[in-house]
Amino acid sequence: MTKVRVRFAPSPTGALHIGGIRTALYNFLLARKTGGTMILRIEDTDQTRFVPGAEKYILESLAWVGIKIDEGVGPGGPHAPYRQSERKDIYSRYASQLVADGKAYYAFDTEADLEEMRKRTPNAQYDAATRMSMKNALTLSKEEVSSRIAGGAPHVVRLLVSPGQEVLVNDLIRGEVNVSTSQLDDKVLMKSDGMPTYHLANVVDDHLMEISHVIRGEEWLPSAPHHVLLYKAFGWESSMPRFAHLPLLLKPDGNGKLSKRDADRMGFPIFPLNWTDPKTNETSTGFRETGYLPEAMINFLVMLGWNPGTPQEIFSQAELIEAFSLERVGKAGAKFDILKAQWYNQHYLRAKPIAELSEYLLSALKNQNISCSADRAIQIVTALKDRVTYPQDFWEQGKLFFVAPDKFDDAAVSRKWNAEAVKFLKAFRDEVGKEPGLNAERAKGLMEEVAVSQAVKPGQVLAALRIALTGGMAGPDLMQTIEILGGEETARRIAFALQSLSAS
Ligand code: GLU
């Protein structure tokens, strides 16, 4: 078996879409599973779409989710350079070779010429049907072509596609895809700015870098027949990589491809990290900054298209490497179910040691200049652990232990605050204030005793107690809340609520 060498080949045209991380992940898992090599190549030959900062963003995103690059931009390696803009000479050499072999040709058509062609024949493309009416090396004399090239006339190099043949793309996920060359245009390989197109650079590099598997998004499937033709034109067919085109990521409801606009509208991130578009200054919040943990991200993403064939849903990176195979990647588009991403995040957050979780709270408290002992932080985090989705929730939901409510939820008050509750709260305030160090169990006992003495049912008054302590109806277990606040603070908050709410 040839050694597995896979590459992630993003273009630095903006923030990396989260789908790019999935593509990188599948490549990485195959490399790790087979003892192969994971390569990062930056495809930056389209100067018009180059965005400063995008390459750094890609590297940082991969590092964040724990995808380690063995070779390429970053670590370097035997096929350096790995940035296509630094490999220009290589591509022009290979393009010249194709021209010399009669597999590609120079074309001199201007934008206006191409426009004219499309006007003449609607839906026309540059191919066997049209090329003979255009300005290229097939229609102009040899002398004319040489003098134009020598005189520096703008020109491109096009692949000569012979019509009426079948091209077979053998895809590991989609099976055999057959396309007739009559449908394929004479793709531009070298542009007039001397830069290669994606197609040429991609194929030349995959060959030179000895890539064994091309694993990429389904949007590249239409390019694959041209790539196969290029391998043939170069005479590299026998070492052509295997193709695997990954299914699309769909909107959560499954209706159509997931776009940034959809994500924005539904209020979830689409980029791994925060990003500020250098052109528009538009900022986007990343998954990392939203509070997603890398292990949750990996787990969520791997399931978008792959399944283990068992009900197992939680996988460590080591388990994924063990379980992953391209055979278990499906063709069907994968719904981007953000609730599942949150579920994974909750899982991985809860699985962390309590001391680590309490650090989230302690650092938020530090930012707010609020002091708190390590023990108390642990106590709070323990009470909140099963209620949080993101690390910052420990502060969001835990601040009630540090900041007493100064106003109360009107809707809750109008439903739950009544004479019975007031009677109970007055008595409970007096009792609980005498027991500064009570625990949850004792708080419950005390609450029951007071309920009996005041002849009320706990169910009638507990909501009002919660309103008094937290300002609203949400929060962790009420008795635990009392334990954490302590008897005196509990009494103080009840007194304040009684005063504020009876005055209104
Ligand atoms: N540069 C292409 C991209 O941005 C790479 C596609 C491929 O992997 O061949 O996704």
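Given the structure is predicted, the values throughout are model-derived calculations rather than measurements. Indexing begins at 1, ligand by ligand and atom by atom, following the structure's order.
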Give me the ring orientation class for F243 and Y231: parallel if the planes are under 30° apart, tilted from 30 to 60°, perpendicular past 60°.
-> perpendicular
Can we say R93 and D89 salt-bridge, meaning some charged N sits less than 4.0 Å from an Asp/Glu carboxylate O?
-> no
Under a 4.0 Å heavy-atom limit, does F8 contact ligand 1 with its side chain, its backbone, both, or neither?
-> neither
So is R148 actually on top of Y106's ring, under 6.0 Å and inside 45° of the axis?
-> no
Do R22's NZ or CZ and the ring of Y26 fall within the cation-pi criteria of under 6.0 Å and 45°?
-> yes
Show the atoms of ligand 1 that are less than 4.0 angstrom away from any heavy atom in [X].
X	answer
E43	1 (N), 2 (C), 5 (C)
Y198	2 (C), 5 (C), 6 (C), 7 (C), 9 (O)
N202	7 (C), 9 (O)

Rounded to the nearest 0.5 Å, what separation is found between the CG atom of D113 and the NZ atom of K135?
-> 3.5 Å
Here the gap from H79 atom NE2 to R5 atom CZ, rounded to the nearest 0.5 Å, amounts to 4.5 Å
Distance-only N or O hit between ligand 1 and A9, under 3.5 Å | yes
Check if R7 has a non-hydrogen atom at a distance under 4.0 Å from any atom of ligand 1.
-> yes
Min over H17, H245, Q84, R216 of heavy-atom distance to atom 9 (O) of ligand 1 lands on R216
